[in-house]
A.B. asks: 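The structure follows.
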Amino acid sequence: MRILVRTELLKLATIRGPWILTFMALALTTLLAAQPVLNAGRTGPSIGTVGAELAVLGAMGRGALVTLVIGVLIMTSEFRHQTVTASLLSSPRRAELINAKAVTAALVGLLFGAATMIIVVAIGTLSGAMQLNLINGDVALRGFGLLLTYPLYALIGVGIGALLARNQPLAVILPVLWLLWLEGFSMSALGHKFLIWSIGGTAAALQNAGNLPQVLPIWLGGGALLAYALLFLISGAVRVSRADIS
């Protein structure tokens, strides 16, 4: 497994798409983290308050979607570039290959999340928006939840990539549209009780988005988001195991 993961990391490093997405996402995180600092005391919370600290920390939230796309690319690039046959010749067990891709995606997601956290903490510390005396349990849980969202989204991406392995554009566009617009629209039409159990709703719960009665508890949101990741991964693994690969 260790050799397979190293191989997957090497493959990922040779694709330009993930690198471009990473730099763009890190730049966006920097801009989003700087925005509450620039607007402090005018249209946003003043520096030295928990509100400003949470606003800067919340800049991490957008980057998780990028790790989902990277997870999709980890899986679909094998089929798009016709390297899946060679990969299976070196590792004939398809389940092992998918497991290696899942581990790779989780590691990349965790590293990506850590990078965004370093950015927001650096900006928050240098600006004074983040101060040790303002850090409490809720702030720590929010940061930890934001960080965990990255690898979980990456795992969901691998599962979706496995389900739509032969159609990379659709595998990339569909989950992005779903999370950015379609999910909220469709779930809101069904009712709030469905919305809180959606992927975005469970992610918001994991990220400790607020002490609102309409949001799931943190542990339940995290468990539900993990269940989504496992469901997509298992479904994708079954799809790939039965696919005719030549």
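One-based numbering along the sequence shown.
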A.B. asks: Who else is in the cluster with Leu32 when I, L, V, M, F, W and Y are joined by side-chain contacts under 4.5 Å?
C.D. replies: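 Besides Leu32, the hydrophobic cluster comprises Leu28, listed by chain and residue number.
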A.B. asks: When clusters are formed from ILVMFWY side-chain contacts under 4.5 Å, directly or step by step, what else is grouped with Leu38?
C.D. replies: none
A.B. asks: Do Val158 and Val72 have side chains that approach each other closer than 4.5 Å (heavy atoms only, starting at C-beta)?
C.D. replies: no
A.B. asks: Show the nearest heavy-atom pair for residues Pro36 and Ala33, with the distance to one decimal.
C.D. replies: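 Pro36 and Ala33 have their closest heavy atoms at CD-O, 3.3 Å.
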A.B. asks: When you look at Leu110 and Leu147, which way does the side-chain contact (heavy atoms from CB on, under 4.5 Å) test go after all the steps?
C.D. replies: CA-CA 7 Å; Leu110 195 59; Leu147 180 62; 4.2 Å; yes
A.B. asks: Could you work out, with side chain to side chain donor-acceptor pair (under 3.5 Å) as the rule, every residue matching Tyr153, not counting sequence neighbours?
C.D. replies: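 Partners of Tyr153 under the side chain to side chain donor-acceptor pair (under 3.5 Å) test: none.
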A.B. asks: Could you tell me the separation between the OG1 atom of Thr125 and the CG atom of Leu132, rounded to the nearest 0.5 Å?
C.D. replies: 8.0 Å
A.B. asks: Could you pull out the closest heavy-atom pair between Ala105 and Ala154, with the gap in Å?
C.D. replies: O-CB, 3.3 Å
A.B. asks: Does the side chain of Arg242 reach to within under 4.5 Å of the side chain of Val238, using non-hydrogen atoms?
C.D. replies: yes
A.B. asks: Restricting to side-chain contact (heavy atoms from CB on, under 4.5 Å), what partner residues turn up for Leu177, sequence neighbours left out?
C.D. replies: Ile173, Leu182
A.B. asks: With sequence neighbours excluded, tell me which residues meet side chain to side chain donor-acceptor pair (under 3.5 Å) with Thr76.
C.D. replies: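 Applying side chain to side chain donor-acceptor pair (under 3.5 Å) to Thr76 gives Gln168.
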A.B. asks: Grab the two heavy atoms, one from Pro151 and one from Ala106, that are nearest each other, plus how far apart they are.
C.D. replies: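 Nearest pair, atom of Pro151 first, then Ala106: CB-O, 3.5 Å.
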A.B. asks: Apart from Phe23 itself, what residues make up its hydrophobic cluster, given side-chain heavy atom links below 4.5 Å?
C.D. replies: Trp19
A.B. asks: Is there a continuous path of hydrophobic side-chain contacts, each under 4.5 Å between heavy atoms, that joins Ile3 to Leu9?
C.D. replies: no
A.B. asks: Enter the distance from Gln131:CD to Ile47:CD1 here, rounded to the nearest 0.5 Å.
C.D. replies: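 Between atom CD of Gln131 and atom CD1 of Ile47 there are 8.5 Å.
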A.B. asks: Sequence neighbours excluded, which residues qualify as side chain to side chain donor-acceptor pair (under 3.5 Å) partners of Glu53?
C.D. replies: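 With sequence neighbours excluded, Glu53 shows a side chain to side chain donor-acceptor pair (under 3.5 Å) to no residue whatsoever.
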A.B. asks: Is there a side-chain contact (heavy atoms from CB on, under 4.5 Å) between Ile199 and Phe232? Walk through the geometry before answering.
C.D. replies: CA-CA 12 Å; Ile199 295 176; Phe232 279 110; 4.1 Å; yes
A.B. asks: Could you grab the distance from atom CZ of Arg2 to atom OG1 of Thr7, nearest 0.5 Å is fine?
C.D. replies: 13.0 Å
A.B. asks: Testing Ile15, Val172, Leu12 one by one against Leu73 for a side-chain contact (heavy atoms from CB on, under 4.5 Å), which residue passes?
C.D. replies: Val172
A.B. asks: Looking at every heavy atom in both Ser198 and Leu195, which two are closest together, and how far apart are they?
C.D. replies: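 Ser198 and Leu195 have their closest heavy atoms at OG-O, 2.6 Å.
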A.B. asks: Linking directly or through intermediates, with side-chain heavy atoms under 4.5 Å: list the remaining ILVMFWY members grouped with Leu31, chain and number order.
C.D. replies: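 Joined to Leu31, directly or through intermediates: none.
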A.B. asks: Could you check if a side-chain atom of Leu155 sits within less than 4.5 angstrom of a side-chain atom of Tyr228, using non-hydrogen atoms only?
C.D. replies: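 Sidechains of Tyr228 and Leu155: no contact.
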A.B. asks: Any pair with a residue in residues 101-111 that passes side-chain hydrogen bond (donor to acceptor under 3.5 Å, both in side chains), sequence neighbours left out, goes on the list, sorted by first then second residue, please.
C.D. replies: Glu8-Lys101, Glu78-Lys101
A.B. asks: With a 4.5 Å cut-off on side-chain heavy-atom distances among I, L, V, M, F, W and Y, is there a chain of contacts connecting Leu126 to Leu54?
C.D. replies: no
A.B. asks: Apply side-chain contact (heavy atoms from CB on, under 4.5 Å) to the pair Leu164 and Phe79, showing each step before the final yes or no.
C.D. replies: CA-CA 10 Å; Leu164 301 172; Phe79 292 84; over 6 Å; no
A.B. asks: Treat each ILVMFWY residue as a node, draw an edge where side-chain heavy atoms are under 4.5 Å apart, and state whether Val50 and Met130 are in one component.
C.D. replies: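 They do share one cluster, since a chain of ILVMFWY contacts under 4.5 Å joins Val50 to Met130.
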A.B. asks: Keeping to residues at least two apart or across chains, list the side-chain hydrogen bond (donor to acceptor under 3.5 Å, both in side chains) pairs with something in residues 229-240.
C.D. replies: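 As it turns out, there is no side-chain hydrogen bond (donor to acceptor under 3.5 Å, both in side chains) pair with a partner in residues 229-240 once direct neighbours are skipped.
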A.B. asks: To the nearest 0.5 Å, how far apart are CE in Met24 and OG1 in Thr22?
C.D. replies: 10.5 Å
A.B. asks: Kindly write out the residues that satisfy side chain to side chain donor-acceptor pair (under 3.5 Å) with Thr149, not counting sequence neighbours, or none if the list is empty.
C.D. replies: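 With sequence neighbours excluded, Thr149 shows a side chain to side chain donor-acceptor pair (under 3.5 Å) to Gln207, given in chain and number order.
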A.B. asks: So, taking the atom named CG in Leu57 and the one named OG1 in Thr116, what distance separates them when rounded to the nearest 0.5 Å?
C.D. replies: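 Taking CG in Leu57 and OG1 in Thr116, the distance rounds to 9.0 Å.
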A.B. asks: So which atom in Pro45 and which in Ala52 form the shortest heavy-atom distance, rounded to 0.1 Å?
C.D. replies: CB-N, 3.5 Å
A.B. asks: Can you tell me if Glu183 uses its side chain to pair, donor with acceptor, with the backbone of Gly200 under 3.5 Å?
C.D. replies: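 Judged by distance alone, yes, a pair lies under 3.5 Å.
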A.B. asks: Any chain of hydrophobic side-chain contacts (each under 4.5 Å) joining Leu10 to Ile74?
C.D. replies: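 Per the 4.5 Å side-chain linkage, Leu10 and Ile74 are not co-clustered.
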A.B. asks: What's the spacing between Leu226 CG and Leu231 CG if we round to 0.5 Å?
C.D. replies: 11.0 Å
A.B. asks: Starting from the C-alpha separation in whole Å, work towards a yes-or-no answer on side-chain contact (heavy atoms from CB on, under 4.5 Å) for Leu152 and Leu206.
C.D. replies: CA-CA 11 Å; Leu152 290 176; Leu206 174 61; 3.9 Å; yes
A.B. asks: Are Ile156 and Leu170 linked, directly or through other ILVMFWY residues, by side chains that come within less than 4.5 angstrom of each other?
C.D. replies: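 Yes, it is one cluster - the side chains of Ile156 and Leu170 are joined through contacts under 4.5 Å.
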A.B. asks: For the residue pair Ala129 and Val56, what are the closest heavy atoms and their distance?
C.D. replies: CB-CG2, 3.9 Å
A.B. asks: For residues 59-71, run the donor-acceptor check on the side chains, cut-off 3.5 Å, and write out each pair with its distance to 0.1 Å, sequence neighbours left out.
C.D. replies:
| unit_1 | atom_1 | unit_2 | atom_2 | d |
| --- | --- | --- | --- | --- |
| Thr67 | OG1 | Ala64 | O | 2.5 |
| Thr67 | OG1 | Tyr150 | O | 3.1 |

